[in-house]
Amino acid sequence: MEQRFQVKLIAPIKILLREEKKIVITTHHRPDGDAIGSSLGLYNYLIQKNHNVHVIVPSDYPSFLKWMPGNAAVINYEKDAEKSNQLIAEADLVFCLDFNWIKRIDKMEAPVRDSKAIKILIDHHLEPENAFDHSYSFPDACSTSELIYEFIIAMEDKSLINKSVAECLYAGIMTDTASFRFASMKAETHRTVAKLMEAGAVNYKIHELVYDTNTESRLRMLGHCLKDKLVVLPDYNTAYISLSAQELDYYHFESGDTEGIVNYALSINKIMLAAFFSQKDGEVRISFRSKDDFPANELAKKYFEGGGHKNAAGGRSLLSLDDTLKKFLEILPEYKTLLV
Ligand code: MN
């Protein structure tokens with residue numbers, strides 16, 4: 001495979017990082033495993049080069065991601081906007097990880113746009129916004145964490161991939177590939193994962209920390225979804241699950257609890273498209289998953305103000321939950337030829 005981060009390509013960054021810098025690392029709203037893994041992986045690398053580094057997230061993230069080294073230093077913009085604004089305004093560099101559009105950092109958008117800092121994008125989503133001083137966008141990468149590994153190698157800093165860096169990047173790759181099973185997982189990525197294990201990431205421990213943290217109410221909510229809420233539409237090879245705000249309340253919903261539920265719908269034999277709808281904070285949030293060539297991101301973009309990857313996308317709707325489901329059912333005929 002051709003190297004993504006050619007040494008020549010990142011020469012400007014190498015020069016910037018030669019002297020001590022004030023650095024802010026940020027990532028998308030409602031951060032997932034790759035967002036936190038890549039941010040803290042980069043953080044644990046840059047602090048070894050004696051920079052002044054802060055990770056600022058636009059919103060909170062699930063507790064199963066809070067074990068990563070450096071987590072205690074992460075600043076949540078929603079809880080500490082004043083300090084965050086100051087750090088962003090005074091930063092020399094802002095690393096923007098795992099998102100393509102600045103609006104994906106939500107309330108941090110204006111402070112980041114207004115900051116005089118040099119903005120560096122490292123990401124694997126399609127069609128990045130032209131708003132960065134240096135843009136490293138590689139949609140063929142399985143995760144931003146994989147790109148951070150390649151970035152550090154291209155910086156000729158392999159020796160700085162210590163246990164802390166390795167654990168964060170391993171977790172990011174693992175979660176963004178659903179445990180190394182997506183088509184985005186190339187042979188080269190397996191080699192990267194092996195290198196991270198050699199650097200100290202203990203694979204089974206990280207799986208336990210991320211995946212074996214269910215609460216009883218989360219498992220019962222999953223049971224409710226599978227037994228009572230799963231709708232299968234054989235004519236469209238489509239399946240979906242929806243949860244109302246009342247149902248989430250009943251099961252004591254916590255951030256991250258609904259993560260991955262959509263994959264159960266997709267796991268049904270012959271299902272090509274799966275969707276999960278949940279009603280939160282006055283809107284309906286939607287996760288789409290698909291198989292093969294079905295463009296879940298196009299559907300999300302056209303009808304649900306969203307986007308993402310071909311096989312994994314998200315969107316939202318300001319309609320009621322019932323009307324959102326109705327709308328979803330009405331657009332399926334348009335995609336029938338791609339689904340069956
Ligand atoms: Mn990602």
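Ligands are counted one by one from 1 in listed order, and the atoms in each one are counted from 1 as well.
- The closest approach of D34 to the Mn ion (ligand 1), by N/O/S atoms, is made by OD2.
- With ring centers used as reference points, F5 lies under 6.0 Å from F138.
- Taking backbone and side-chain atoms together, H125 has no N/O/S atom less than 2.8 Å away from the Mn ion (ligand 1).
- Note on D98: its N/O/S atom closest to the Mn ion (ligand 1) is OD1.
- Salt-bridge check for E216 with R220: passed, with a basic side-chain N closer than 4.0 Å to an acidic carboxylate O.
- Salt-bridge check for E129 with R113: passed, with a basic side-chain N closer than 4.0 Å to an acidic carboxylate O.
- For Y149 and Y170, the ring centers are positioned 6.0 Å apart or more.
- Among the atoms of D123, no N, O or S atom falls under 2.8 Å of the Mn ion (ligand 1).
- For D176, the N, O or S atom with the smallest separation from the Mn ion (ligand 1) is OD2.
- Using a cut-off of 2.8 Å, one finds that D32 contributes no N/O/S atom close to the Mn ion (ligand 1).
- Here K22 does not pair with E90 in a salt bridge; the nearest charged N to carboxylate O distance is not below 4.0 Å.
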